[in-house]
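Lettering follows sequence order; numbering is per chain, from 1.
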Protein chains: 2
Amino acid sequence: MDYVNMESYLKAISDHNRMLILKYLSTDSLCICEFTELLDMTQPAVSQHMRKLKAAELVTEEKRGRWTIWSLNVRHNLYPMLIHLLSLLPEPEVTVKTLVAEGKRVVCD
Amino acid sequence: MDYVNMESYLKAISDHNRMLILKYLSTDSLCICEFTELLDMTQPAVSQHMRKLKAAELVTEEKRGRWTIWSLNVRHNLYPMLIHLLSLLPEPEVTVKTLVAEGKRVVCD
DNA sequence: TGTATAAATAAGCAAACGCTTATATAATGA
DNA sequence: TCATTATATAAGCGTTTGCTTATTTATACA
């Protein structure tokens with residue numbers, strides 16, 4: 001890995017909202033509309049964060065009906081380090097369980 | 001470590017010139033004027049990078065006569081991870097050995 | 001069909017970034 | 001004391017970032 005690649009990778013994770021997104025993705029696969037609830041953020045803002053994470057190959061996406069399901073890219077070289085970093089961060093107050101309790105968890109099959 | 005701290009830390013290392021600085025520091029303690037040679041960068045530019053690294057507690061400084069000697073902060077929680085990251089990066093073309101060969105290595109005692 | 005929902009994209013804007021040049025501060029040594 | 005050297009700081013400038021609102025694209029379903 002060269003300096004430019006490393007810079008792109010680190011820049012992609014150097015944002016507290018994107019770290020939150022990655023923290024959520026470390027336990028669940030989620031879609032944009034769920035993140036807007038979890039992060040209390042507008043849909044375009046979330047969408048643009050996902051685009052950055054995708055560009056750095058940190059996440060993968062899968063179309064499912066009208067939803068796009070996002071997951072961590074477990075194949076990335078730095079995936080183990082990322083998991084370690086995320087483990088140092090506290091659990092967010094709003095959790096996926098909150099979504100389920102509010103009936104906002106997306107179920108697509 | 002909370003999300004804000006982690007963001008500051010990662011932002012501090014998310015720059016290819018600062019990664020180069022850290023790479024150099026992983027094997028030698030150096031002063032600003034040596035970095036201007038190693039990175040082919042102006043003195044204020046280097047000085048401002050060191051200020052950012054210091055603010056994130058990645059480096060420590062020690063005054064020695066008219067020089068300020070900079071070192072990696074080996075006491076930082078994420079120091080082992082930093083060393084691992086730096087180990088993934090290639091050795092720079094211009095090395096401290098080059099400085100020595102050109103008689104530009106600073107010796108202060 | 002037509003309407004609702006999910007997501008992407010575009011344009012605009014304030015703030016932060018990385019650099020520049022100019023200047024200030026501080027220590028050295030003739 | 002005065003010139004030199006090392007570093008820090010200040011102001012300015014073009015680019016990037018993270019958001020906003022508005023719009024577009026695409027899928028689902030009554």
### Task
Can you sort out which residues in residues 92-101 of chain B have a heavy atom within less than 4.0 Å of DNA chain C? Ascending by number, please.
none

### Within residues 20-29 of chain A, residues whose heavy atoms come under 4.0 Å of DNA chain C
none

### Task
Working to the nearest 0.5 Å, report the span between CG of Leu25(B) and CG of Leu86(B).
9.0 Å

### Task
Verify side chain to side chain contact (heavy atoms under 4.5 Å, CB included) between Ile69(A) and Cys31(A), making sure each step is shown before the conclusion.
CA-CA 5 Å; Ile69(A) 308 299; Cys31(A) 64; 4.2 Å; yes

### Task
State the CG-CD distance between Leu99(A) and Glu34(A), to the nearest 0.5 angstrom.
6.0 Å

Find every protein N or O atom lying less than 3.5 Å from an N or O atom of nucleotides 3-5 of chain D, and list the pairs.
{"from": "dT5(D)", "atom 1": "O4'", "to": "Arg66(B)", "atom 2": "NH1", "distance (Å)": "3.1"}

### Query
If you measure from OH on Tyr3(A) to CG on Asp15(B), what distance do you get to the nearest 0.5 Å?
12.5 Å

### Task
Assess whether atom NZ of Lys23(A) is packed by more than 12 heavy atoms of other residues, nucleotides or ligands within 6.0 Å.
yes

### Query
In Å and rounded to the nearest 0.5 Å, what is the CD to CZ distance from Glu37(A) to Arg105(A)?
12.5 Å

### Query
If you pin Ile69(B) and Gln43(A) to their nearest nucleotides in DNA chain D, which one's is more 5'?
Ile69(B)

### Query
For atom NZ of Lys11(A), is the number of surrounding heavy atoms from other residues, nucleotides or ligands below 6.0 Å larger than 12?
yes

### Query
So, Ser14(B) and Ser14(A): side-chain donor and acceptor under 3.5 Å apart, yes or no?
yes

### Summary
In 5'-to-3' order, the base (B), backbone-only (S) or no-contact (-) status of each nucleotide in nucleotides 13-20 of chain D, using a 4.0 angstrom heavy-atom cut-off, is ----SSBB

N/O donor-acceptor pairs under 3.5 Å from side chains in residues 88-98 of chain A, not counting sequence neighbours:
{"from": "Thr95(A)", "atom 1": "OG1", "to": "Lys97(A)", "atom 2": "N", "distance (Å)": "3.3"}
{"from": "Thr95(A)", "atom 1": "OG1", "to": "Thr98(A)", "atom 2": "N", "distance (Å)": "3.3"}
{"from": "Thr95(A)", "atom 1": "OG1", "to": "Thr98(A)", "atom 2": "OG1", "distance (Å)": "3.1"}
{"from": "Thr98(A)", "atom 1": "OG1", "to": "Thr95(A)", "atom 2": "N", "distance (Å)": "3.0"}
{"from": "Thr98(A)", "atom 1": "OG1", "to": "Thr95(A)", "atom 2": "O", "distance (Å)": "3.1"}

### Query
Taking it one step at a time, do Trp70(A) and Ser29(A) satisfy side chain to side chain contact (heavy atoms under 4.5 Å, CB included)?
CA-CA 6 Å; Trp70(A) 296 83; Ser29(A) 290; over 6 Å; no

## Note on the structure
Footprint ends on DNA chain C, 5' to 3', for atoms under 4.0 angstrom from a heavy atom of chain A, come out as dT5(C) to dA10(C)

### Message
Is there a path of hydrophobic side-chain contacts, each under 4.5 Å between heavy atoms of I/L/V/M/F/W/Y residues, joining Val74(B) to Met50(B)?
### Response
yes

### Task
Answer with base, sugar-phosphate or nothing: what part of the nucleic acid does Ser47(A) contact at a heavy-atom distance below 4.0 Å?
base

### Task
Could you tell me the separation between the CG atom of Leu85(A) and the CG atom of Leu78(B), rounded to the nearest 0.5 Å?
6.5 Å

### Message
Run the side-chain hydrogen bond (donor to acceptor under 3.5 Å, both in side chains) test on His16(B) and Glu7(A) for me, step by step, so that the C-alpha distance in whole Å, both residues' side-chain angles and the decisive distance to 0.1 Å come before the verdict.
### Response
CA-CA 6 Å; His16(B) 65 282; Glu7(A) 178 173 331; 2.6 Å; yes

### Task
Might you confirm whether atom CG of Asp2(A) has over 12 heavy atoms from other residues, nucleotides or ligands at distances under 6.0 Å?
yes

### Query
What pair of heavy atoms forms the shortest contact from Leu22(A) to Val59(A), and how long is it?
CD2-CG1, 4.1 Å

